[in-house]
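A, B, ... follow the sequence lines: proteins, then strands. Residue 1 opens every chain.
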Amino acid sequence: MTDASTPLIVGGDRGPQSGADAPRADDDLLAGLNPPQREAVTYRGPALLIVAGAGSGKTSVLTRRIASLLRGGEAWPSQILAITFTNKAAGEMRERVRQLIGDRAEGMWISTFHSACVRILRREAQQFGFTKAFTIYDSGDSRALIKRLVKEHEGDAFGLTPAGTQSRISKLKNELADAESYARQANMSDPVERVFVEIFSAYQRALQRANAFDFDDLIGQTVYLFRAFPHVADVYRRRFRHILVDEYQDTNHAQYALIHELTRPIGSDAGPIASSGGMMIFDADPADDPSKAPASLTVVGDSDQSIYAFRGADIRNISEFERDYPGAKVVLLEQNYRSTQNILSAANAVISNNFDRKEKRLWTDVGAGDPIIGFTGYSQHDEAQFVADEVEALRKGGVDYSQMAVFYRTNSQSRALEEIFIRSAIPYKIMGGTKFYERAEIKDAMAYLVAVANPADEMAVRRILNRPRRGIGDVTETAIARYAADEQITFRDALANASALGVGPKLQQAIAHLDAVLAEAREIMLPASGELAPPTAVADGLTLLLNKSGYFDALRASRDPQDEARLENLDELIAVAREFARNNPEGTVVDFLTEVALVSDADDLEDASGSVSLMTLHTAKGLEYDAVFVTGVEEDLLPHRISAGEPGGPQEERRLFYVGITRARKRLYLSLAMTRAQFGEVSVAMPSRFLQEIPADLVDWRQSPGDVNSRGGMQSRALNARPRRPGQGRYGDDLVPKSSAIDKFPNRIPAKVRDNGDMELAAGDRIRHDDFGEGHVDAITGEGAKRVAHVRFEKVGAKKLLVKIAPITKL
DNA sequence: TCTTGTGAATTTTTT
DNA sequence: ATTCACAAGA
């Protein structure tokens with residue numbers, strides 16, 4: 001069957017064998033599924049909600065459901081739209097469907113919201129004043145633009161910061177508001193609001209003029225497109241007969257509205273009907289006319305794993321699904337196939353502290369498994385060392401590095417882990433963090449491509465104007481902008497008239513040269529003759545741009561050691577472009593730019609094989625590992641300090657912790673540090689409240705927050721930089737210390753740690769340290785909680801100790 | 001126009 | 001701790 005050639009639009013046809021009721025020949029698709037899972041695969045109806053607890057096999061269910069639709073002849077591949085949270089998840093789902101039914105899977109749309117919308121927008125852009133070649137602004141691009149506008153409108157005088165303005169605009173767009181609709185209901189007598197609205201609408205005009213969409217627009221403008229052009233919407237309503245949305249709990253209002261638009265009856269172009277009420281009301285019952293029937297909708301989600309409220313995800317989308325889609329079938333998947341009972345019990349205990357949730361209890365029949373391991377380090381380095389030691393112990397026990405992951409709340413926590421991992425020679429991979437595509441040199445190179453592909457994008461042209469240095473400064477840039485405005489041409493086209501700009505001959509030459517390079521690259525990548533550019537065009541064009549613009553030369557000539565790395569990064573980018581050409585022989589520059597703009601951290605799946613994965617708890621969603629380390633389980637970090645002030649914040653933090661716990665298949669480690677350096681300052685950390693929510697008998701504290709200071713003969717690596725000898729991990733050779741005092745209070749979390757805050761100590765005093773013995777205080781520096789004693793010990797030499805928490809007594 | 005130095009702010013999470 | 005922005009000087 002040549003599904004790829006299925007006509008894009010299949011009229012009112014519902015598929016080759018519509019109306020098939022009894023699933024047939026599905027036996028192998030249902031093999032190994034429990035009853036609710038089977039129901040989720042085989043149910044047929046207008047709307048289905050699958051409430052899928054963590055590890056309940058929802059991906060399996062989803063792929064089998066798709067496979068069963070296709071195999072049963074109920075749908076063509078082209079009639080299926082499946083939305084996932086990341087591109088990586090999309091790729092995996094596509095692959096799994098292919099494994100189930102083979103090449104018949106070709107032609108489905110399986111993608112993220114953003115990718116799907118880009119596809120639609122590229123096709124329909126001309127309908128509303130954009131071109132196919134529109135640019136996608138990532139948050140950095142949009143921040144840069146907003147920053148300029150805030151400055152121009154003197155927003156700072158009204159307390160408007162670029163970051164704040166950006167996030168407000170983003171939130172509004174997620175609610176499908178634009179500057180006008182916002183202005184209508186805002187208090188416009190407030191000058192701050194007026195300026196904000198001005199900036200908002202100026203921002204939107206700038207995007208339009210630059211032929212660009214920001215991330216939020218990709219969704220919002222697609223919804224706008226569907227609402228403003230019902231015949232366009234109908235094209236997609238006819239096409240997509242089966243819509244499936246994963247991670248539904250993390251959809252925001254715009255995404256919800258998009259799905260709503262797509263699941264209207266065909267021809268229901270009366271505009272938005274009572275969408276706020278959630279009910280769809282029509283003059284005639286659409287069921288009367290099968291050719292107009294809406295697409296069937298399947299959503300999968302788990303409100304306990306909703307962790308994106310901060311960016312507009314609305315948990316009500318899932319909790320009110322049954323109201324939005326009356327008659328919807330609900331299937332509950334509670335049996336967990338991933339984790340041991342101990343891990344699940346901990347997860348259940350934690351999440352049950354969220355009060356506004358529907359009761360749901362994960363269970364498994366695989367048995368209790370190993371206890372959860374807890375550890376309290378003296379510092380983040382100590383904690384990292386523990387993780388590294390355990391990773392090595394697990395490795396020796398036969399666990400592959402790729403089956404271990406370390407999670408943390410904030411990206412900045414990765415640094416300490418990295419340092420220790422490097423020193424311990426443990427292969428690791430950081431998912432996310434400072435991203436390849438956010439490096440300045442990569443953004444520059446991409447801006448060159450954008451300047452060629454979408455000359456309307458003034459931001460991109462301005463970015464490369466003086467990169468590498470051409471002596472073009474503020475004055476010249478303004479001159480170009482003025483000339484462009486006077487002549488009513490784009491900033492890009494103004495470069496072609498260097499001699500008319502009224503700048504010096506040297507500058508004229510520089511500008512003319514840049515113009516020529518851009519033109520030459522355009523001829524390679526987008527030949528004016530209209531002929532198709534060869535697959536290598538993107539890589540070739542990029543190479544040409546970087547060579548002839550002098551970008552490479554400037555980096556090579558530089559003596560900044562970092563510039564060598566930058567050159568390597570650019571080489572890598574060119575390699576990415578080549579790879580892209582291999583995978584997409586027909587791919588254009590625009591396609592390349594799109595792909596790059598939409599990749600996310602979690603997509604970065606390039607063989608994490610053989611390495612331990614490090615990532616934030618957010619990135620961890622949807623993944624699973626044999627062994628999981630959740631680090632930094634401290635107050636003010638998890639839950640994060642900032643969440644305290646936000647409504648629903650602490651609960652969302654708890655869900656985040658829950659997500660982390662439920663990623664673990666066999667082994668779970670929870671760790672924290674007593675002190676943590678941030679902003680270059682050391683501060684004292686307290687155990688997270690979430691730890692107390694885990695039943696004590698589930699956790700085996702190797703070093704608990706309760707007795708970390710009392711005894712144990714353990715040296716603090718925080719205060720003792722003595723290098724470790726190889727093979728002498730803290731519990732090397734699987735020798736877990738036969739804990740003594742530790743067993744007595746296995747899970748006692750005291751409200752506070754040792755506090756010597758008021759110990760009076762001065763230079764000249766003698767002290768005794770639990771580990772280091774007796775010593776002489778040379779000096780005291782710092783104040784309050786950060787008071788540091790410089791001590792010369794008789795046995796171990798000079799040390800610096802944080803007075804507040806060091807296990808010392810004055811003699 | 002570019003370089004250097006000082007000071008300030010940063011670190012919550014991301015398609 | 002590090003990065004970034006802005007100011008003053010070359």
Side-chain angles (χ1 to χ4, degrees), chain A residues 83-90 111-118 136-140 142-143 147 151 156 161-163 166-167 170 173-174 213-220 247 250-252 254-255 306-313 380 407-416 419 431-435 437-438 440 465-466 468-477 503-504 506-507 510 560 562 594 597-604 615-621 632 636-646 649-650 652-653 655-657 659-660 676-683:
Chain A
I83 301 286
T84 58
F85 202 65
T86 63
N87 294 299
K88 181 185 177 187
S111 68
T112 62
F113 271 107
H114 292 85
S115 302
C117 287
V118 169
I136 300 165
Y137 278 15
D138 66 23
S139 12
S142 102
R143 193 178 328 118
K147 193 173 165 190
K151 199 177 248 173
D156 54 338
T161 62
Q166 182 184 26
S167 98
S170 174
K173 286 186 173 185
N174 285 333
F213 296 103
D214 65 19
F215 272 144
D216 301 315
D217 278 346
L218 294 178
I219 316 286
E247 307 285 9
D250 284 324
T251 52
N252 61 34
Q255 293 164 332
S306 161
I307 54 175
Y308 284 103
F310 72 91
R311 74 171 199 217
Q380 55 208 341
F407 302 153
Y408 35 81
R409 177 65 235 269
T410 68
N411 277 307
S412 61
Q413 288 170 251
S414 69
R415 184 163 295 183
E419 282 169 14
M431 323 288 263
T434 311
K435 284 161 265 177
Y437 292 105
E438 281 178 15
L465 201 55
N466 197 33
R469 309 238 130 93
R470 304 184 169 91
I472 301 177
D474 251 2
V475 180
T476 314
E477 188 175 331
V503 298
K506 217 167 171 185
L507 284 168
D560 181 341
Q562 293 208 319
T594 302
L598 295 180
V599 295
S600 72
D601 306 348
D603 296 333
D604 188 10
M615 69 191 85
T616 64
L617 286 162
H618 283 87
T619 309
K621 192 177 69 158
D636 289 347
L637 198 54
L638 185 64
H640 197 277
R641 168 197 302 257
I642 291 177
S643 73
E646 283 160 21
E652 177 147 318
E653 298 287 309
R655 290 195 291 271
L656 199 49
F657 186 47
V659 166
R676 195 165 285 277
Q678 52 185 351
F679 304 123
E681 311 253 294
V682 177
S683 56

**Study point:** Residues that A:S111 engages under side chain to side chain contact (heavy atoms under 4.5 Å, CB included), provided they are two or more places apart
**Key:** A:S115, A:A116
Practice item. Mind checking A:H114 for me? I need base, sugar-phosphate or nothing, with any heavy atom below 4.0 Å counting as a touch. Key: base
Practice item. Check the angle between the aromatic planes of A:F215 and A:H114 and answer parallel, tilted or perpendicular using the 30° and 60° thresholds. Key: perpendicular
Exercise for review: State which residues pass side chain to side chain contact (heavy atoms under 4.5 Å, CB included) with A:E652; sequence neighbours excluded, sorted by chain then number.
Suggested key: A:A309, A:F310, A:R655
Practice item. Could you tell me whether A:Y308 contacts a base, only the sugar-phosphate backbone, or nothing, with contacts defined as non-hydrogen atoms closer than 4.0 Å? Key: sugar-phosphate
Check your understanding: Which part of the nucleic acid does A:T410 contact within heavy-atom distance under 4.0 Å: base, sugar-phosphate only, or nothing?
Key -> sugar-phosphate
Check your understanding: Any salt bridge between A:D636 and A:R676, counting N to O under 4.0 Å?
Key -> no
Review point. Mind checking what makes side chain to side chain donor-acceptor pair (under 3.5 Å) contact with A:Q678, not counting sequence neighbours?
Key: none
If you restrict it to nitrogen or oxygen atoms, what contacts under 3.5 Å exist between nucleotides 3-5 of chain C and the protein, and what is each distance?
{"residue": "C:dA5", "atom": "OP1", "partner": "A:K147", "partner atom": "NZ", "Å": "3.2"}

Point to revise | Qualifying residue, where the test is side-chain hydrogen bond (donor to acceptor under 3.5 Å, both in side chains) with A:K173 and the options are A:D216, A:N252, A:D214 | key: A:D214
**Study point:** Which residues share a side chain to side chain contact (heavy atoms under 4.5 Å, CB included) with A:A677, sequence neighbours left out
**Key:** A:Q380, A:V682
Filtered N/O pairs between nucleotides 1-6 of chain B and protein, under 3.5 Å:
{"residue": "B:dT1", "atom": "OP2", "partner": "A:G473", "partner atom": "N", "Å": "3.4"}
{"residue": "B:dT1", "atom": "OP2", "partner": "A:T476", "partner atom": "OG1", "Å": "3.2"}
{"residue": "B:dC2", "atom": "OP1", "partner": "A:G471", "partner atom": "N", "Å": "3.4"}
{"residue": "B:dC2", "atom": "OP2", "partner": "A:N466", "partner atom": "ND2", "Å": "3.4"}
{"residue": "B:dT3", "atom": "OP2", "partner": "A:R469", "partner atom": "NH1", "Å": "3.0"}

**Study point:** Donor-acceptor pair (no angle test) under 3.5 Å: A:R311 side chain, B:dT13 base
**Key:** no
